[in-house]
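Worksheet: the structure to be examined is printed underneath.
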Amino acid sequence: MDYSKDYLTYTKRMVNKKRYNHTLGVVESAIKLAEIYGGDINKARIAASLHDVTKNMDMDEQLELITKTLGPDAIDELPGGAIHSYSGYIYAMDYIGIDDIDILNAIKNHTLGRPNMSLLEKIIYVADFIEPGRTSEESKICANIAYNESLDKAVLYAINVVVSELTEAKRYIAPITFETKKYFEELVK
Ligand SMILES: [Fe+2]
Ligand SMILES: [Fe+2]
């Protein structure tokens with residue numbers, strides 16, 4: 001794969017304007033975080049450019065993409081909100097030609113996270129939460145933690161916000177979310 005290529009063109013073709021603007025914000029925040037934490041700028045840019053590439057794709061098409069590659073069980077524990085992360089990962093790999101496993105993991109895990117995320121995965125997870133288009137108080141607090149304090153603490157902050165929102169809305173929470181929360185709680189102790 002070509003690390004200097006502009007992968008935003010794929011996303012621009014496939015998502016609506018709102019989602020594209022969000023993507024531009026995630027690219028900006030991801031590059032900033034990569035600079036601060038010594039991450040690979042090109043990989044951060046590519047993963048951010050493609051993280052929501054299938055967000056507006058037809059749901060049946062997304063489910064087909066996931067199950068044909070990962071098997072029929074792959075969607076069993078997957079909350080609705082994370083389906084695009086998994087379909088995006090398959091799409092980036094099979095249709096765009098991304099073969100960098102760290103970039104692929106960053107796309108796959110940007111919604112749910114996972115214990116022991118790589119630096120790039122944490123950068124994309126947090127950038128998605130703090131990009132300039134997100135104007136909630138929580139996003140601003142998380143950005144402040146990420147830019148001035150610690151990336152791991154920013155991950156934990158974002159997970160806690162997600163868990164309390166899902167709990168309040170009585171929505172399904174994937175087991176991996178609790179595992180990730182526990183892992184980062186231990187890590188920042
Ligand atoms: Fe997403
Ligand atoms: Fe996103």
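Just so it is clear, the values below take in all heavy atoms, side chains as well, and ignore hydrogens, waters and symmetry mates. Remember, it's 1-based here, ligands and their atoms both numbered in the order they're listed.
Below 30°, between 30° and 60°, or above 60°: for Tyr86 and Tyr89 the angle between ring planes is above 60°, a perpendicular geometry.
Side-chain atoms of His22 and Asp128 form a donor-acceptor pair, as typed in the model, at a separation below 3.5 Å.
At a cut-off of 2.8 Å, His110 is not counted among the residues with an N, O or S atom near the Fe ion (ligand 2). The Fe ion (ligand 1) has an N, O or S atom of Asp52 inside 2.8 Å of it. With 2.8 Å as the limit, His51 does not count as an N, O or S neighbour of the Fe ion (ligand 1).
Salt bridge status for Lys189 with Glu186: present, with a side-chain N to carboxylate O gap under 4.0 Å. Of the charged side-chain nitrogens involved, none lies within less than 4.0 Å of a carboxylate oxygen, so that Glu28 and Lys32 do not count as a salt-bridged pair.
Within Asp128, the N/O/S atom positioned nearest the Fe ion (ligand 2) carries the name OD1.
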